[in-house]
Amino acid sequence: MSELVQDQDLIDQKWMKKAISLAKLGQYSTRPNPNVGCVIVKDDVVVGTGFHPKAGQPHAEVFAMREAGVLSQGATAYVTLEPCAHYGRTPPCAKGLVEAGVARVVVACPDPNPLVAGKGVQILRDAGIQVDVGICEDEAHQLNLGFLKAMATGMPYVRLKVASSLDGRTAMASGESKWITDTAARQDVQHFRATSAAVLTGISTVLADDPELNVRHLPEVDLATVVQPKRVILDRQGRLPLSAKILQNPETVMVMGPFRQELADLGVVQFPIQSLKSLLLTLAKEHQIYDVLVEAGATLSSAFLQENLVDEMISYVAPTFLGQSARAMFSVEFNTMAEQLRFKLVDVLQIGDDIRLKLIPSKETI
């Protein structure tokens, strides 16, 4: 690789990283749309920047082109996701970049959305614009794990959140569980709720803890800008009490279980009893829920793991022992080592006195 190509690659990475940082500004507000950032550069000077703030509002490229104005002509646009090629609530950004007269477009991630899927790049190339795809792709991919997975497979991205003691316990035998982890770790969970389109739990958790499962505090973030997650409750026997705190905002609640007229009267969306995979497909296809955070007890958490429906596990470990009579983190039984479920550790972070582990299922076998 020539020095010139190496230098250009480093320059591209620098500006794409700036576009990625801009995209993150919309991480709590854009759902169901993806997070996207754009930087327009001319003669190694930024002339326009933008990010997509909310569904229905202009896309990142539009804000950047507005700021750049005539300076877009002959410039390079850095975009974290392939520019859209279709008319939705807004016109296609690929055509906008053509009309603005940019000379080159650098794209981090291709968009698997069938309405785009290479069409945006093709529009640009057909207009004689140089297009380079794949700069900082892995980093940009992390911006939209749910959107990209759902567009490619129809399934949402599922995070399983668990909190346990050093001996793998989540509650005392009586069910008492407040609190194993400290305040800082519980605050950290708020971020994952805020980046999820739905928080899913079981009726046992609702009956035991009466949780709200919403976003209540994010440092330096106006909660009015946060798209609150839907709360999905698996209630196969129809036990959800109308007095539950989670029903204080019934329009954001979804329940899988037998149909109940009293829930319908409140505006709760109801699903018939079905498999976990079928439910996830329904959430993605019919409700544009692309990121699901599972906060549940041992039985439901184990079911998600055993059915290979977990893309990522967030495990908070507190420096405490609860003893052998306390409730286990999972309720599955294995008889041989070959049955074990292995994970790959991708990140470790100390939060206060607790440890947060990020893990993804391992494809390796023993």
Side-chain angles (χ1 to χ4, degrees), residues 27-32 144-147 149-150 155-164 170-171 177-181 185-218 221 223 225-236 239-241 244-257 263 266-271 276-277 279-284 286-305 309-316 329 356 358:
Q27 65 181 326
Y28 302 133
S29 60
T30 63
R31 287 193 309 275
N144 299 298
L145 291 170
F147 176 84
K149 183 186 177 187
M155 287 284 285
Y157 189 89
V158 176
R159 286 185 177 89
L160 172 63
K161 175 239 136 181
V162 292
S164 70
T170 61
S177 62
K178 295 181 179 179
W179 295 102
I180 296 174
T181 54
R186 299 198 301 273
Q187 174 58 50
D188 190 62
V189 176
Q190 296 282 302
H191 161 75
F192 291 105
R193 287 184 186 173
T195 55
S196 301
V199 177
L200 187 150
T201 194
I203 186 60
S204 295
T205 296
V206 175
L207 294 175
D209 299 335
D210 199 16
E212 296 180 71
L213 299 178
N214 57 358
V215 182
R216 294 185 293 277
H217 177 69
L218 289 168
V221 175
L223 285 185
T225 66
V226 175
V227 178
Q228 287 283 348
K230 302 292 186 183
R231 282 79 54 78
V232 182
I233 305 167
L234 274 56
D235 183 19
R236 294 175 182 272
R239 294 186 292 158
L240 176 64
K245 288 180 182 177
I246 208 165
L247 288 176
Q248 290 175 357
N249 298 104
E251 70 282 356
T252 66
V253 176
M254 299 175 162
V255 176
M256 185 190 85
L263 293 181
L266 290 173
V268 173
V269 173
Q270 298 182 72
F271 303 110
L276 293 178
K277 182 176 181 180
L279 177 62
L280 292 173
L281 285 167
T282 299
L283 291 175
E286 298 182 11
H287 298 276
Q288 294 183 293
I289 290 173
Y290 304 142
D291 294 88
V292 174
L293 178 65
V294 178
E295 293 191 50
T299 301
L300 186 53
S301 296
S302 298
F304 269 90
L305 288 170
L309 296 173
V310 175
D311 296 290
E312 178 182 319
M313 183 158 66
I314 308 294
S315 178
Y316 296 90
M329 194 187 317
R356 186 190 74 192
K358 281 190 182 181

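Along the sequence shown, residues carry numbers from 1.
A 4.5 Å side-chain heavy-atom check between V162 and L160 finds at least one atom pair inside the cut-off. Within the 4.5 Å cutoff, no side-chain heavy atoms of L234 are placed close to those of V255. Residues M155 and L309 form a side-chain contact, since some pair of their non-hydrogen atoms from C-beta on lies under 4.5 Å apart. Side chains of M254 and L283 form a contact here, defined as non-hydrogen atoms less than 4.5 Å apart. Taking the side chain as every heavy atom from C-beta outward, R236 and M256 approach each other to under 4.5 Å. Taking 4.5 Å as the limit, every side-chain heavy atom of H287 sits out of range of all side-chain heavy atoms of K230. By the 4.5 Å heavy-atom criterion applied to side chains, V215 and V221 are not counted as neighbours. Between V158 and V294 the shortest side-chain heavy-atom distance falls below 4.5 Å.
To the nearest 0.5 Å, atoms CG (L276) and CG (L300) are separated by 6.0 Å. Atom OG in S315 sits 13.0 Å away from atom NZ in K358 (nearest 0.5 Å). Expressed to the nearest 0.5 Å, how far NZ of K149 lies from CG of N144 amounts to 14.5 Å. In this structure, CD in Q228 is found 10.5 Å from CD in E251, a value given to the nearest 0.5 Å.
Under the rule for a salt bridge (charged side-chain N to carboxylate O under 4.0 Å, His left out), D209 has no partner lying at least two apart in sequence or in another chain.
The shortest heavy-atom contact between G202 and A296 is N-CB, 4.2 Å. Residues I246 and E212 come closest through the heavy atom pair CG1-O, 3.8 Å. Among all heavy-atom pairs drawn from I233 and V206, the shortest one is CG2-CG2, 4.1 Å. Here the closest heavy-atom approach between residue Y290 and residue A284 is recorded as CE2-O, 3.6 Å. When all heavy atoms of Q27 and R31 are compared, the pair lying nearest together is O-NH1, 4.5 Å. For T170 against S164, the heavy-atom pair with the smallest separation is CG2-CB, 4.3 Å.
Side-chain atoms of S301 never come within 3.5 Å of backbone atoms of A298 as a donor-acceptor pair (strictly under, hydrogens ignored). A donor-acceptor pair is defined here as one N or O able to donate and one able to accept, closer than 3.5 Å; no such pair exists between the side chain of D291 and the backbone of Y157.
With respect to R159 and D311, no salt bridge is recorded, no charged nitrogen being found less than 4.0 Å from a carboxylate O.
Side-chain contact check for Y316 and D188: at least one donor-acceptor pair (N or O, by modelled atom type) lies under 3.5 Å.
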Intermediate values then yes/no, side chain to side chain contact (heavy atoms under 4.5 Å, CB included), E312 and I314: CA-CA 7 Å; E312 178 182 319; I314 308 294; 3.0 Å; yes

Residue pair L247, L263: steps toward the side chain to side chain contact (heavy atoms under 4.5 Å, CB included) verdict: CA-CA 9 Å; L247 288 176; L263 293 181; 4.2 Å; yes

Return a table of donor-acceptor pairs under 3.5 angstrom between the side chains of residues 189-201 and protein atoms on other chains or two or more places apart.
residue : atom : partner : partner atom : Å
Q190    : OE1  : R216    : N            : 2.6
Q190    : OE1  : H217    : N            : 3.2
H191    : ND1  : Y28     : OH           : 2.8
R193    : NE   : E295    : OE2          : 2.8
R193    : NH1  : N214    : O            : 2.9
R193    : NH2  : E295    : OE1          : 3.2
T195    : OG1  : H191    : O            : 3.2
T195    : OG1  : F192    : O            : 3.2
S196    : OG   : F192    : O            : 2.6
T201    : OG1  : E295    : O            : 2.7

